[in-house]
Visitor: 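Shown below is the structure under consideration.
Below, read A as the first sequence line, B as the second, and so on, with proteins coming before strands; counting in each chain starts at 1.
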Amino acid sequence: MPKKTRSRTKTGIVGLDKMLNGGLIRGTVTLVAGSPGTGKTTLGLQFIYNGATKYNENGLIVTFEELPDQIYRDASEFGWDLRGLEEKNRVKVMATSPFVLQQMRIYKNRLDEVIKEMEVKRVLIDSITLFKSLINEPINLRKEIYSLINYFKAKGITALFTHELPELRGGELSISNFGLGFLVDSIILLRYVEIGSELKKSITIIKLRGSNHDKSIRELQVTSKGMEVELPFKDYENIMGGSAFKSVRKEVDKFFNK
Amino acid sequence: MVDAVKKLMSSGLEVTLTHMEILHFFRRNPGVMDDVNGISLRLGLKKTNVERCIFDLVRLGILNSQNMGGKTVIAMAGV
């Protein structure tokens, strides 16, 4: 019997889709975790923009801190006309609070209408970290996010949740104190790494439930066209530690093999 | 936006700068759905002033209000 392959949702970021073995798994929730400025929101916007323009999949952006106006401006820096797409009913930018989103979900309010009317297939929540301002108790926070994940999954939506990590680089990596990493299906980690007195951005797939994926730590570049995933940081060690150093393994092997 | 301004100007209300700021804010950000506290924070204005003006705009049908979980959530009407 042939093996059934799971349907993929391409992010449209070529290097990332390759790392993901073809794209995100359709109808799942992915956490994009990273320090401030690593490109979490940009990656999410690119996912939504590419969905609407390349893959005929309408998108919803839910933002808690930034206003739609700011989102349109940030996106236009990369040539992504989100305002134009919103006018065509391909994308919707909703600025709200975690409390209002929670209420909309529970009472099947405006959120349901938007998803149904626009036939939304992709969602970006920027950022899930703000739910901490709504719920203090880790156990209740976990329940709320679990419900939100299931809400989107039940609708077959592929969602990206951004999540802020306070560490700028290195240190002990902890996604959250309430088990967020276990709730989501996939985790994309964006981090800073110091190489030669320069802070570079890195991208790693930590988890892709039910699928194989690229395990390398690759360089992430923010270009005028958006995110681009480059080659792995070969010949370097301690990338995850934040301060990478040139590996001497090759030289040592060469020396002993002589 | 022009219709909303006309409606406001012909309403007989004492139109303030805050009314206009709220209108301008929702025109630029039609996807905002938040309570008065959240909107005041986003505007960087005093809550009491914002609250009064928002309810003027709701009465005129320019903004929409909805009760959600005990809070009044405001959005642009017809969006």
Side-chain angles (χ1 to χ4, degrees), chain A residues 45 48 58-76 82-115 117-118 120 123-126 130-131 133-135 140 144 147, chain B residues 1-5 8 16-79:
Chain A
L45 293 179
I48 295 289
N58 293 346
L60 169 67
I61 298 165
V62 179
T63 162
F64 296 137
E65 278 184 326
E66 282 187 71
L67 286 168
D69 200 21
Q70 180 72 47
I71 299 267
Y72 302 140
R73 227 176 309 146
D74 292 348
S76 71
L82 289 183
R83 201 189 280 270
L85 288 172
E86 195 161 34
E87 282 163 10
K88 289 176 191 156
N89 241 9
R90 306 299 313 271
V91 167
K92 169 97 181 152
V93 184
M94 197 183 263
T96 188
S97 65
F99 172 78
V100 176
L101 183 68
Q102 179 197 44
Q103 297 302 311
M104 286 195 283
R105 177 184 59 75
I106 294 171
Y107 297 107
K108 298 199 172 293
N109 218 298
R110 184 77 186 119
L111 190 61
D112 261 35
E113 290 168 27
V114 169
I115 290 171
E117 281 166 17
M118 287 179 57
V120 167
V123 166
L124 167 66
I125 305 281
D126 190 31
L130 269 287
F131 268 89
S133 65
L134 178 68
I135 304 162
N140 292 331
E144 177 57 33
S147 300
Chain B
M1 176 69 176
V2 178
D3 288 346
V5 173
L8 179 63
T16 64
L17 193 61
T18 310
H19 283 104
M20 298 309 287
E21 280 189 58
I22 296 168
L23 270 186
H24 182 62
F25 171 79
F26 274 99
R27 190 191 72 86
R28 290 170 59 133
N29 300 288
V32 169
M33 267 188 97
D34 209 347
D35 60 12
V36 174
N37 199 38
I39 293 169
S40 310
L41 286 173
R42 292 178 195 273
L43 281 162
L45 296 173
K46 210 172 156 187
K47 189 186 163 186
T48 47
N49 289 349
V50 171
E51 191 164 34
R52 191 172 46 82
C53 294
I54 278 182
F55 288 111
D56 285 340
L57 296 169
V58 169
R59 271 200 302 273
L60 291 171
I62 296 167
L63 298 182
N64 205 358
S65 78
Q66 207 174 354
N67 193 294
M68 284 190 199
K71 283 189 184 180
T72 306
V73 176
I74 308 296
M76 191 82 176
V79 173

Visitor: Does any backbone or side-chain atom of A/Gln102 lie under 4.5 Å from a heavy atom of chain B? Answer side chain, backbone, both or neither.
Guide: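 Neither part; nothing is under 4.5 Å.
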Visitor: When rounded to the nearest 0.5 angstrom, what distance separates CZ in A/Arg110 from CG in B/Asn64?
Guide: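 Between A/Arg110 CZ and B/Asn64 CG, I get 9.5 Å after rounding to 0.5 Å.
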Visitor: Please step through side chain to side chain contact (heavy atoms under 4.5 Å, CB included) for the pair A/Phe99 and B/Lys71, ending with a clear verdict.
Guide: CA-CA 9 Å; A/Phe99 172 78; B/Lys71 283 189 184 180; 3.4 Å; yes
Visitor: What closest approach, in Å, do B/Met68 and A/Val100 show between heavy atoms, and which atom pair accounts for it?
Guide: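 Reported closest heavy-atom pair: SD-CG1, 4.0 Å.
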Visitor: Nearest 0.5 Å please: distance from the CG atom of B/Asn29 over to the CD atom of A/Glu66.
Guide: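 It comes to 11.0 Å.
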Visitor: Hey, what do you get for CD (A/Gln70) to CZ (B/Arg28), rounding to the nearest 0.5 Å?
Guide: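 Atom-to-atom, A/Gln70:CD and B/Arg28:CZ are 10.0 Å apart.
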Visitor: In Å, rounded to the nearest 0.5 Å, how long is the span from CG of A/Asp69 to NE2 of B/His24?
Guide: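 Separation between the atoms: 8.0 Å.
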Visitor: What part of A/Glu117 gets closer than 4.5 Å to chain B, counting heavy atoms only: side chain, backbone, both or neither?
Guide: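 Looking at A/Glu117, nothing touches chain B.
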Visitor: Looking at A/Leu101, A/Leu67, A/Val93, which has the largest count of heavy-atom pairs under 4.5 Å with chain B?
Guide: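 Greatest number of close heavy-atom pairs with chain B: A/Leu67.
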Visitor: Below 4.5 Å, heavy atoms only, C-beta onward: do B/Val32 and A/Pro68 meet side chain to side chain?
Guide: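 Touching, per the 4.5 Å side-chain cut-off.
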Visitor: Look at the side chain of B/Asp34 and the backbone N and O of A/Thr96, then say whether any donor-acceptor pair between them is shorter than 3.5 Å.
Guide: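 It does not hold such a pair.
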Visitor: Step by step, would you call B/Val73 with A/Gln103 a side chain to side chain contact (heavy atoms under 4.5 Å, CB included)?
Guide: CA-CA 10 Å; B/Val73 176; A/Gln103 297 302 311; over 6 Å; no
